[in-house]
Asks: 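Here it is, the structure in full.
Order of listing sets the numbers, starting from 1, for every ligand and every atom in it. One is the number of the first residue; the rest follow in order along the sequence.
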Amino acid sequence: MAVHIYGLPIDMAPLLDIARRYGLKVIEDAAEMHGQTYHGRPCGSFGDISIFSFYPNKHITTGEGGMIVTNDDHLASECRSLRNLCFQPHKRFVHERLGWNLRMTNLQAALGVAQLERLPEFVQRKRQMGALYQSGLAGVSGLQLPLASTSYAENIYWVFGVILDASVPFDAEEAMRRLGKMGIGTRPFFWSMHEQPVFQKMGLFCGERHPVSENMSRRGFYVPSGLGLTQEQQETVIDAVRTIMDS
Ligand SMILES: Cc1ncc(COP(=O)(O)O)c(C=O)c1O
């Protein structure tokens with residue numbers, strides 16, 4: 001399984017190498033990677049199967065839902081069947097296997113097609129917003145900003161995530177509470193898989209420690225990143241973040 005982090009893809013080459021070496025299939029989670037490239041090649045083109053999300057916080061949305069892409073005709077037809085209750089091809093209402101109703105409605109698809117046409121514009125706007133946060137928050141002591149680029153990709157800033165250094169005497173929850181009091185909405189980072197109660201109840205990840213992920217989930221948060229944000233609103237956010245970091 002390949003994943004991408006917050007607007008920048010992870011380095012795919014080592015994962016693809018492992019998959020090739022051991023004959024594994026790659027499922028590429030490109031949920032947030034609309035319009036992103038890795039070494040110039042579109043994200044979502046690396047997996048045997050790749051997925052995109054169209055949840056409303058993504059660059060483009062259909063309200064809910066997502067998309068699977070593959071070059072493999074057999075996998076494509078399997079997916080079509082599974083999302084449509086596994087009807088027999090020539091005998092409706094007769095099911096060979098268990099499937100689901102995961103069909104996207106035509107109304108959602110029409111919205112998605114119109115959104116797709118605007119993707120380049122949205123990506124450009126996200127990058128503009130990211131650049132404004134980068135310059136406005138540069139040099140704030142104790143605040144780690146996202147990478148603007150790596151050797152293989154340029155950040156789209158799907159969301160603008162910041163991480164509090166260990167030297168900062170409060171955590172992300174407290175930072176978000178302080179910003180909330182100033183009228184700034186924020187979102188927490190994902191919570192680590194090994195610390196999810198559901199898996200712990202199943203006896204999984206017992207006693208495991210993953211300090212990097214634990215630290216990120218406790219000390220990272222997102223500042224407002226929606227496409228509707230104005231420059232003035234971003235400047236208000238920047239001032240508020242500077243204020244709490246100075247306190
Ligand atoms: C990397 C990643 N994978 C999967 C998902 C889930 O997407 P959905 O909400 O469409 O199921 C998200 C949502 O943000 C995501 O960021």
Asks: Can you name the closest pair of heavy atoms from Gln234 and Leu229 and give their distance?
Replies: CG-CD2, 3.7 Å
Asks: What is the ring orientation for His34 with Phe52, classed by angle as parallel under 30°, tilted 30 to 60°, or perpendicular over 60°?
Replies: tilted
Asks: Please compare Met67, Glu64, Glu32 and report which has the shortest non-hydrogen distance to atom 15 (C) of ligand 1.
Replies: Glu32
Asks: N/O of Asp29 under 3.5 Å from N/O of ligand 1, yes or no?
Replies: yes
Asks: Check Pro188 against Met176 and note the closest heavy-atom contact, atom names and distance.
Replies: N-SD, 3.7 Å
Asks: Does only the side chain of Phe52 get under 4.0 Å from ligand 1, or the backbone, or both, or neither? Count heavy atoms.
Replies: neither
Asks: Taking the six-membered ring of Tyr157 (Phe, Tyr or Trp), confirm whether the NZ or CZ of Arg127 is under 6.0 Å from its centre and within 45° of its axis.
Replies: no
Asks: List the atom of His59, the atom of Trp158, and the distance in Å for their closest heavy-atom pair.
Replies: CE1-CA, 3.4 Å
Asks: Tell me which part of Lys58 gets within contact of ligand 1: side chain, backbone, both or neither, using heavy atoms under 4.0 Å.
Replies: side chain
Asks: May I ask you to check whether Ser53 has an N/O atom sitting below 3.5 Å from an N/O atom of ligand 1?
Replies: yes
